[in-house]
Amino acid sequence: QLRLVESGGGLVQPGGSLKLSCAASKFTWGYYGVGWFRQAPGKEREGLLCISRSGDITYYEESVKDRFVITRDNIENTATLQMNSLRPEDTAVYFCVAFDRKCAIVPGTSRPIESPYDYWGQGTQVTVSS
């Protein structure tokens, strides 16, 4: 099984930046699309963005498009999420996800296609507050 471990969460002031990292345990990392979800208290989880093996990026959430940057390293089996210009509404638990369906989108929506064969990290808390 693929195991994902996130790190880098914490408390940051509004307007600040934070970088999350995701480390994968298995060499088949390159097979998967790699993305990030988040879930705020009392809200449904939402897909944010995804990066394919070749580096193509798909955005699921418009509000992060100009602020969040995703990268991946297929040799080191890692991914990062650089979050800039953070807002209080970005406060959530952030999850790294390895998508079996790569970065596919549910037709007619901006939501990612999820699969029982996806792998999820345990999540890391990001709090944006002054």
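All values below come from the heavy atoms of this structure, side chains included, with hydrogens, waters and symmetry mates left out.
Between the CE atom of Met83 and the NZ atom of Lys19 there is a distance of 11.5 Å, given to the nearest 0.5 Å. Here Tyr59 contributes atom OH and Cys103 contributes atom SG; the two are 11.5 Å apart, rounded to the nearest 0.5 Å. In this structure, the separation between CZ on Arg53 and NZ on Lys102 is 10.0 Å, given to the nearest 0.5 Å. The structure places OG of Ser7 at 8.0 Å from CG of Leu20, a figure rounded to the nearest 0.5 Å. To the nearest 0.5 Å, atoms CZ (Arg67) and CG (Leu86) are separated by 6.5 Å. Interatomic distance, Ile113 CD1 to Cys50 SG, rounded to the nearest 0.5 Å: 11.0 Å.
Within the 6.0 Å centre-distance limit, the rings of Phe95 and Trp120 are counted as a close aromatic pair.
With no hydrogens or angles considered, a side-chain donor-acceptor pair links Tyr31 and Asp100 at under 3.5 Å. Thr127 and Ser129 share no donor-acceptor pair across their side chains, judged by distance under 3.5 Å alone.
Considering every non-hydrogen atom in both Glu6 and Thr124, the closest pair reads CB-CG2, 4.0 Å. The shortest non-hydrogen separation linking Val34 to Cys96 is CG1-SG, 4.3 Å. The minimum heavy-atom distance between Asn84 and Gln82, with the atom names listed, is OD1-NE2, 3.0 Å. Of all the heavy atoms in Thr80 and Trp36, the pair that sits closest is O-NE1, 3.9 Å. Here the closest non-hydrogen pair linking Glu46 and Arg38 is OE2-NE, 2.6 Å. Smallest separation of non-hydrogen atoms from Val128 and Thr91: N-OG1, 2.9 Å.
Val69 and Tyr94 end up in different hydrophobic clusters when Ile, Leu, Val, Met, Phe, Trp and Tyr side chains are linked at under 4.5 Å. Hydrophobic clustering (side-chain heavy atoms under 4.5 Å, transitive across Ile, Leu, Val, Met, Phe, Trp, Tyr) groups Leu48 together with Ile51. One hydrophobic cluster holds both Leu18 and Val64 under the rule that ILVMFWY side chains link at heavy-atom gaps under 4.5 Å.
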Should Val126 and Asp90 be marked as a side chain to side chain contact (heavy atoms under 4.5 Å, CB included) after you check the CA-CA gap, both sets of side-chain angles, and the distance that decides it?
CA-CA 8 Å; Val126 172; Asp90 293 318; 5.6 Å; no

Apply side chain to side chain contact (heavy atoms under 4.5 Å, CB included) to Ser63 and Glu89, showing your working.
CA-CA 10 Å; Ser63 70; Glu89 54 264 37; over 6 Å; no

Could you go through the side chain to side chain contact (heavy atoms under 4.5 Å, CB included) check for Phe68 and Glu61 one step at a time?
CA-CA 10 Å; Phe68 290 10; Glu61 171 54 43; over 6 Å; no

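No more than 12 heavy atoms of other residues, nucleotides or ligands sit less than 6.0 Å from atom CZ of Arg3.
Taking the ring axis of Tyr60 as reference, the NZ or CZ atom of Lys65 does not stay both within 45° of it and closer than 6.0 Å to the ring centre.
Applying ring-ring contact (aromatic ring centres under 6.0 Å, His included) to Tyr32 and the options Tyr117, Phe99, Tyr119 leaves one that passes, Tyr119.
Put simply, the side chain of Cys22 reaches to within 4.5 Å of the side chain of Trp29, judged on heavy atoms. Within the 4.5 Å cutoff, no side-chain heavy atoms of Glu62 are placed close to those of Ser110.
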